[in-house]
Structure formats: C-alpha cells, structure tokens
Amino acid sequence: MPVVKGWLFDVYSSGDGMVIWLITVENQRLRLEDNFAPTFYIEGPSTRVMPLLSSLISKGMTLSFRLTEKQELFSGEWWPVWEVKVYPATKLPRVLKQITEKESDLQVFNVDLPLSWRYFHEKKVFPLAFCQVEYHPREQILNWEVLDSPRDTDYQFPPLTSIELKMEGKDVNPNHGKRGALEVRLEGKEHLLEVEGKELISYLNVLLRRYDPDIIFTHWGDSFLLPHLMEIAGRGQIPLALNRENNLRLFHRREHSYFSYGQVIYRAGAWMLRGRWHLDWENSFILAQAGWEGLLELARLTRIPVQQLARTSTGTGITSMQLATALEEGILIPWRKKQPEDFKSARDLILVDKGGLVYRPVPGFYEGVAEIDFSSMFPTLMAQFNLSPETVKCRCCAPGNSSGHRVPEIGYWVCRRRRGLVPKTLELLLEKRSCYKQLMSKSSDPEQKKIYQARQVALKWMLVTCFGYLGYKNARFGRIEAHEAVTAYSREKLLQAKEIVEARGFRMLHALVDSLWVQKEGVSEQGVSEQEYQELVRILSQETGLPLALEGIYRWIVFLPSRSFSRLAVPNRYFGVFFNGEIKVRGLEVRRSDVPPIVKKAQQEMLEYLFAANNFQEYRERISGARQILEQYLEYLKEGRADFAELVITRTLSHQPQDYQKNSLLAIVSRELSGRGIKLHPGESLALIITDSRAREKSDRAQAYVNIDGDRAYDQEKYCELLLRAWEPLYFPLKGNSS
DNA sequence: AAAGTACGGGG
DNA sequence: GTGTACGTACTTT
C-alpha cells in the first residue's frame, strides 16, 4: 500500500465519506477519501436502546454499537453508555433526528457537532498536521499517523501558494457603490483585469489552472467579489473554476448578524472552497487581529478547518478546544442548551454581579509612575483556583466539608476532587503563550519575532474569550457562577495588591481590574529606581500567588478628566511615556476607529512631539510647538487641501437604515444608500464624509465615501472642530489641575 | 435636558 | 457555531 508524508490541508464531507487533501513533502496536492463513521452516545436501559437501534438498522442505516463507560461532566460519575457509530457519516444528522424526536427522554451525548470538527477530533488530527498516511491505491485512507502536535511551538508548514483578488479603487466595501476593475496580485505583482463578462471569467479560469493556488485571498470576497464573479459566470453560462475539486459546488454559509459585547456584529455570507482556501481579509476577526500566522496557530490548536476558523469568533475556537479536552478525558459532551442559574437572593445579587474592580485616579500630570500588571489575570485565576462550570458549587463536594476553598465575598465552594475542564484547556494556552513570549525575546531574527508575536496575540485572544465564555449562558461550557467566582477572586487579588503597595510606602494612583499605577512617596523625579519597583513586583507576586510584571515606569503620565465631570478621571483615558521611550495611549482619538485619519495623524504627531518632554516643565515648554502642529493641520483643512481618504469616518450600523430614530450622519447616509437599492445590515460598517453638517437638507450633510466625487467640498468647519477636540486632552495638563 | 447612538478593553 | 457589559462622549430633537 502506498505511504506518503505530508501536511493535512483540508477536510470536508462529500458523497458518502470525507475528502482529505494532503500536501505531500514532494509538494504534490493529493486528494484522498476516508470512510469515516462518527460516534455518539446514548444513555438508557438496553430494553429501550436496543429496539431503537435495531429499528434504525431495519430502515437501512448502517450502525455499529457497544456498551462502554464515559464520564458525565457535571456529576463526575462514570456512566455506562451506548457508543454508536454511524456509516456513512453523512447519515448522522438523520439518525440523530430520529432518536431525538421519537425518544426525547433518552439522553444523548456528542451530538451537535459539525462533521468536519468531528473528523479532526475523533481522528486526533488537525489542520496542517504533519503526518504519514497509508492509503489504498483507490485513494482510500487506511491509516493516519500524526508526526507533530498542536503543543509544538516549532512546527513546519508546506510551501503554500496564493493569489489575491480585489476590486480596484477605494478600500471600502464595493457593495456600497462604484467599483473598478478586478485586481489580481500574483507572485508579488499586481495585474489589472480590464476585461468584462465572459472574458473575465475565462481569464480567471486560465490563471487558476496555470497557478493552481492553494489559497485565494480576497478583500470583500465573501460579501461581494465571489458572488459577483459567480453571477457573471452564471449569466455567461460558463463555469468558474474556483474549486480544486471542480464538480462540487462552493460551500456557502448564510450571512447573519449577532449581538456581542453590547454591539451588533455582521458576518457576511461565506463562500468556501473545496481543496483550496478562500480567505477574505475583510470578513475575518482572527486574520485582522492575529494575522496569517495567528490563524494557522489557532487552526492547529482548535482543530477547526482553516476556512471556517477564519470566519468565526475566538469563542467558537475556545469551545472547540474544550471539546478536544473533553474527548481526551472521556467526558460526555452535553447537548448545547441553556443552564438555569441558581436562585440568588437580592443581597447575593449585589455581592455577586460585579465585575473587576476599578479605582479612579485624580486627573493630572504625574512623574515617575510605575504600572504593574497581573499577567493574564483571569485565565490564571481559572487555572489556579480550578474554576470551571462543573467545579464551582460542584455536586461532589458538599458545602460543609470544603471550608478551606471558599470563593471570597460570595462563598461558593470549588471542587477539590476533579481538575476542571476549562482550567485543563487553559493550561496549554497559558503555557504556549508564555513559551512564545520567551522565544520572542530570545530571537534575534525580526521575521521570526513577528511570527511568535502573531501566535502569541492569537493565544491571548483565546485566553480573553475563555473568561467571557464562562459567563455566557449559551456557551456549551459556560456557567455564570464560575464567571462570578473569577471576578470575585480578581477583586480580592487587586485589593490585596493595593494593601501591599500602600504598606510598602507607595502611593496607589490608579487601579483597573488587573493593573496598578503606583508612585513612590516623596521621591524626586530622577529618584525612581527600577530596582525598587521590581522588588515591589516580586513581593506582590509572592504574596498574591499570581504572576505580576512591571509594564514599565512612566517618565510621566497624564490621567484625563471626564468631559462631563471634570473633577473625576476616566479610568481608561490616559497617555504617557516610559523611561525606555515607549509610549502608551488609551482612550484618545488615535485609538478610536470612528475618527478620520487626518485627526488621528495630527494627534499622533502632536503626541510624539510632547512625548519628547522629560518632565512637566519641559511639557509646558513644548506645548507651543504642539500647538504649531495643530495650526498647520487647521490651515490645511481650511484651505480645502485634505483629500477624502484623509477625512473618511467609518462607523458601524446598529440598525437597519429605516429603523434609525435620529438623523445621525450615519443614519442619513445609510438611508441614502438603501434608497439606491444597496442592502445594508446592522453590524456592517459604513464609510462617510461630512459635507455640510448643518445643511437643512439632510442628504447634503454627509455622503458615502464610495460615492463621493472629486468636486464635492467637505465641511471644513466640522473637521476643524474634530481636530480641536483632539487637541484638548493634550492641553489639559496646563489648565492648572495638574499635580 | 433627554433620548439615541457608537466605541473601547485585552497586548 | 453564538460574549446580550458598562461607562463615556457626542449628536439630535
């Protein structure tokens, strides 16, 4: 039998089995098939289960089953259950439907999981796994041997080839208006395809055949480009050969909007390929946040096919990792359903429903301030205190006999007999992330550093999401009580840190969930010693039992007042410069996504000028220089020299255009586009230019960036106002409030 | 003044 | 196949 070594490129179901694409060490693209029989479990007496299974078999289903033992997540008990395998895999949904509809009181497990995930989990492989495969001459896989592991930090990839497609012109959603020719980037060079209709499609087909890319990168491919090209192909009645496996249709996932973090998110409908990847830079959170290297790192860890992972949230990723942990441990995977919270009294609610702790600094200019952060505080707490849906107020440890393990403030007990599923999953993430951070600091190769950085960032997102997911009632492994336990510990630890800081003769200026800003009492400007702060960090780590790190010592930092209550600072509005020259800015215009580039650029320039100051005295001296920069930009705007790309304001729609109650600029522009027949969705972002913000005729106030033409004027006054607003926080320290 | 609307955080 | 907070700032009416 042939044996081949290579990387697992993709898996999807087709016909009766799974199709597997390998990229071999000889750089060949190999299509194989596997007769995969997925597994699920039924709990119940054999007098009920046996007749059920035989009735399914008599209806023509191919099943195999046996009695085995698996662990129930919440009780920790090992239950005798029926393990059922279904062949072919594509019949699984039908089998499950029969069972759940007819015998709804029987408990079933490992049920609601997509087929491609199942394949990866059950076969213990993962995207881009390096493996050795033995196969039958007729392309049927007989045996897998995986030669690397998701735990590895120094894995190899096959040389992947790609092309990139986008519409020429402004870098905004081409769905919203005018569009140019198709732009193809190939082997580092850009080509403009000035042909149309059938010709365009044939040309693309030739390109795809000749270069046979593994990946098609696009901008706006999901929402516009691919459907657009398919439409042209359909009209001309010629096939568009996007797939590597051409007799199959593209895999489509419908568009949808959902609510997350108080905001509507729009996901464009997805178009995914067979034997090839389509990745849309404009429809991928993970690509945007962690880049290409981060995406591949997460694909390996989560075992989700790359095209799907690119289009999903990190929450789905963390769930998949938890599934992997559960499968390894022989834990039955519960059906995803709501878990009611325990009853809580009003008093408990007050104690429990708080998040992280926040202090407020007195607004002003401070010198020699150290910022000390708990490293990955929430995940570390979950790992260290074994906080997991099944361990907090667990069923196995009675409240009475685990008095040493009570959660602060809220008094929940935590299991002492079992390691939780969530902490177990987190361990790998925490470990791998700190490993990448170390590799990053050791590496001298800037390219390599970038790779480690991207992977480290990807893991950070997983860690952050993992905590959020504990509190999400519909997450498969979420439980609000576990979430509350984490925040309760976090408050206790921050309070403890505050006491230690103050007992050691430091002043705590500000604290925010997992960060502290401290100043040594009575120390002159240059008298700050890093050693003293390092010593404080050491003591804090030792006494709290959690890792902390010195983020840095600020040469100076400005905590900004609230605009509505000027005596109070906003916890998250500050800017400062560290002794090592690094800068940190939070909450200012440069950090906001809805601020026009020119305002950001001006503020950035002014900040950089001011950051050269060593102390308050020098800051005061440099402020006039900063003001000159401001004047230059104001002048530039007033002379009408700014171009639209510098003025564009991007905002996210929270409603359907017709549902807006107020005539905000966004509402006006969205209705305008909508009137032209362009479909907009809540969660989608829209780029606009302010043309005349006070015009009586509403449609004159702003224009969609895509549609604006060269001779339209912009609202100079309004843009100047925005610029002046960005100046205010920089001038604040000189208004007399500073220390 | 009140109500509606949008954004940030994590490194 | 998925995080329904929370506080701040700004706009519209």
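All heavy atoms count here, side chains included; hydrogens, waters and symmetry mates do not. Chain A is the first sequence line, chain B the second, and so forth, proteins listed ahead of strands; every chain is numbered from 1.
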Determine the contact category for [X]: base if any of its heavy atoms lies under 4.0 Å from a base atom, sugar-phosphate if only primed atoms, P, OP1 or OP2 are that close, otherwise nothing.
X: A/Gln456; value: sugar-phosphate
X: A/Lys584; value: nothing
X: A/Val457; value: nothing
X: A/Arg311; value: nothing
X: A/His655; value: sugar-phosphate
X: A/Tyr469; value: base
X: A/Trp117; value: nothing
X: A/Arg694; value: nothing
X: A/Pro114; value: base

Euclidean distance, atom CZ of residue A/Arg651 to atom C1' of B/dG8 [Å, nearest integer]: 15 Å
Test side chain to side chain donor-acceptor pair (under 3.5 Å) applied to A/Tyr436 and A/Glu297, step by step: CA-CA 11 Å; A/Tyr436 281 134; A/Glu297 170 74 26; 2.7 Å; yes
Under 3.5 Å donor-acceptor pair, A/Arg455 side-chain atoms to B/dG11 base atoms: no
Any donor-acceptor N/O pair, A/Asn110 side chain to A/Ile333 backbone, under 3.5 Å: yes
Main-chain N/O of A/Leu273 paired with A/Gln307 side-chain donor or acceptor, under 3.5 Å: yes
Short side-chain N/O contact to B/dG11 OP1/OP2 from A/Arg586, under 4.0 Å: no
Residue that, paired with A/His510, satisfies ring-ring contact (aromatic ring centres under 6.0 Å, His included) out of A/Phe559, A/Tyr554, A/Tyr359: A/Phe559
